[in-house]
There are 2 protein chains.
Amino acid sequence: MQITSKFTAAVHILACIDIFGGQMRVTSDFLSGSTGVNAVIVRGVLGQLRAAGIVETRQGSGGAHLAKALDEVTLYDIYKAVDCVDDEGLFHFHENPNAECPVGRNIHKSMDGRLQAAQAALENELKSTTLAQVVADTRKIIDEE
Amino acid sequence: MQITSKFTAAVHILACIDIFGGQMRVTSDFLSGSTGVNAVIVRGVLGQLRAAGIVETRQGSGGAHLAKALDEVTLYDIYKAVDCVDDEGLFHFHENPNAECPVGRNIHKSMDGRLQAAQAALENELKSTTLAQVVADTRKIIDEE
DNA sequence: TAAAGTTGTAACTATAATTGTTTCAACTTT
DNA sequence: AAAGTTGAAACAATTATAGTTACAACTTTA
């Protein structure tokens, strides 16, 4: 099981928009070239980021732009935007526990809080890092190359 | 994206082994009935739990038994046993970033540590709860019914 | 020792999720 | 009007998950 690669692709995309946005028009085709992700998928990700208020795009003119400051976007915002984990939660209960068995009808209840806590721990960690930090690290690595 | 339901099924199975193990033989067929999970899948999960040293099973005689005290098994041990997340990690990098792009060839490096930290936060939370706690909660809920 | 019941496992199927692809209308700029 | 772009629908390919069928190996017990 793995979280969709659209998440890391989205971070990559946002880093590109910041790093290359000054010099050129950052189109879905360019982003496809940098990420290795199909241009239609890139446009899909950009659409999700747009819906979340993270980027701006326009038909025709082309080129994506950031809609927020880098330090106002956390990895969690991106994770939510690309819908890594749906409303059902990260953990997936087996679906037909037997209600006639005392364990079967209660196991969900007795685990739920703990599983939610684990998911929250993951998400809080993602909230603690901003795009500004990731882009700063990326720029630093590039400069040191 | 969701973590395999074999994880919650495994916890359910272990709770059943503890709660019903005194009174009866807890077979894969019985566990299939309580969990609603196919008996062959149950046997597969039991095999993984056995490989991890958490349960004991034997061909022929039937009936699974716990190989450890309830408070010596954490949710993390079960999560590892049923292989919820493989060696690649919870997060999944897009696979063909362009090495000729400065962002493409460095994004992995600049995100990796933070993604590992997020995964570790999840796993540490799972380490903090034992099967003893889950079974105690389950028994309590059953008693209050 | 034969019968019944069970585990372990391989091979296969069904279903769902993920990613990629094709196609084209709508839009903007030149 | 032409060129380039986004948005989105429809479909295909691939992979992952869970279920199913089938059966050999094993244990108990009658």
Side-chain angles (χ1 to χ4, degrees), chain A residues 1-10 12-13 17 21 24-33 35-52 55-65 67 82-97, chain B residues 1-10 12-13 17 21 24-33 35-52 55-65 67 82-97:
Chain A
M1 190 283 313
Q2 293 192 299
I3 285 177
T4 174
S5 61
K6 289 202 292 180
F7 173 60
T8 56
H12 184 152
I13 285 167
I17 294 173
M24 57 181 294
R25 199 160 45 139
V26 182
T27 65
S28 61
D29 234 42
F30 172 81
L31 291 167
S32 176
T35 57
V37 172
N38 187 282
V40 177
I41 306 292
V42 168
R43 292 205 283 274
V45 171
L46 283 170
Q48 291 179 300
L49 293 172
R50 173 165 34 85
V55 300
E56 283 166 358
T57 59
R58 274 166 65 211
Q59 271 192 333
S61 60
H65 299 275
V82 300
D83 211 23
C84 289
V85 170
D86 66 23
D87 294 340
E88 305 262 306
L90 177 61
F91 294 94
H92 180 32
F93 260 91
H94 48 299
E95 291 178 357
N96 306 303
Chain B
M1 190 285 311
Q2 292 192 298
I3 284 177
T4 174
S5 62
K6 289 202 292 180
F7 173 60
T8 56
H12 184 151
I13 284 167
I17 294 172
M24 58 180 295
R25 199 160 44 139
V26 182
T27 66
S28 62
D29 235 44
F30 172 82
L31 290 168
S32 175
T35 58
V37 172
N38 187 281
V40 177
I41 306 292
V42 168
R43 292 204 284 274
V45 171
L46 284 171
Q48 292 179 300
L49 294 172
R50 175 164 34 83
V55 301
E56 282 166 359
T57 60
R58 274 167 65 212
Q59 271 192 330
S61 60
H65 299 275
V82 301
D83 211 23
C84 290
V85 170
D86 65 22
D87 294 339
E88 305 262 306
L90 177 61
F91 293 95
H92 181 32
F93 261 91
H94 50 298
E95 291 178 355
N96 305 304

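The chains referred to below are lettered A, B, ... by the order of the sequence lines, with proteins before strands, and numbering in each begins at 1. Keep in mind the model is a prediction, meaning the values are calculated, not measured. Only heavy atoms go into these numbers, but all of them, side chains included; no hydrogens, no water, no symmetry mates.
Per the geometry, CD belonging to B/Glu95 stands 15 Å off C1' belonging to D/dA13, to the nearest Å. Rounding to whole angstrom units, CG of residue A/Leu49 and P of D/dT6 are separated by 14 Å. Regarding B/His65, its NE2 atom lies at a distance of 12 Å from the C1' atom of C/dT6, rounded to whole Å. Rounded to whole Å, atom C1' of D/dT17 lies 14 Å from atom CD of A/Gln2. The interatomic distance linking A/Arg43 (CZ) with C/dT19 (P) rounds to 17 Å, in whole Å. Per the geometry, CD belonging to A/Gln48 stands 13 Å off C1' belonging to D/dG7, to the nearest Å. Computed from coordinates, the B/Lys6 NZ to D/dA18 P distance equals 7 Å when rounded to whole Å. Rounded to an integer number of Å, the gap from CD1 of A/Ile13 to P of D/dT6 is 11 Å.
Of the residues near DNA chain C, B/Ser61 and A/Val40, the one whose nearest nucleotide (by heavy atom distance) lies more toward the 5' end is B/Ser61. Nearest-nucleotide positions on DNA chain C for B/Asn96 and B/Ser28 put B/Ser28 closer to the 5' end. Nearest-nucleotide assignment on DNA chain D puts the 5′-proximal partner with A/Gly60, out of A/Gly60 and B/Val37.
Between the CG atom of B/Leu31 and the CD1 atom of B/Ile41 there is a distance of 13.5 Å, given to the nearest 0.5 Å.
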Which is it for B/Ile3 and A/His92 under the side-chain contact (heavy atoms from CB on, under 4.5 Å) test, yes or no, and what are the steps along the way? CA-CA 6 Å; B/Ile3 284 177; A/His92 180 32; 5.7 Å; no

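Taking 4.0 angstrom as the limit, B/Thr4 places none of its side-chain polar atoms (N or O) nearer than this to OP1 or OP2 of D/dA16. For the OP1/OP2 pair of C/dT29 and a distance below 4.0 Å, the side-chain nitrogens and oxygens of A/Arg58 include at least one atom meeting the criterion.
A/His94 and B/Thr8 share a side-chain donor-acceptor pair at under 3.5 Å.
Of the candidates C/dT6, D/dT20, C/dT21, C/dT21 carries the atom nearest the A/Ile41 side chain, counting heavy atoms from C-beta on. Of the candidate nucleotides D/dG19, D/dT27, C/dG5, C/dG5 has the atom nearest to the side chain of B/Arg25. Minimum atom distance to the side chain of B/Gln59 is reached by D/dA25, of the listed D/dA25, C/dT19, D/dG7. With distances taken from any side-chain atom of B/Asn38 to the nucleotides D/dG19, C/dG20, C/dG8, the minimum falls on D/dG19. Considering only side-chain atoms of A/His92, the nucleotide from D/dG4, D/dA18, C/dT29 that sits closest is D/dA18.
Side-chain contact between A/Ile17 and A/Leu46 is present, with heavy atoms from C-beta onward closer than 4.5 Å.
Panel note: side chain B/Thr4, backbone B/Phe7; no donor-acceptor pair is recorded below 3.5 Å.
Note on B/Gly63: only backbone sugar-phosphate atoms sit closer than 4.0 angstrom, heavy atoms only; bases stay farther off.
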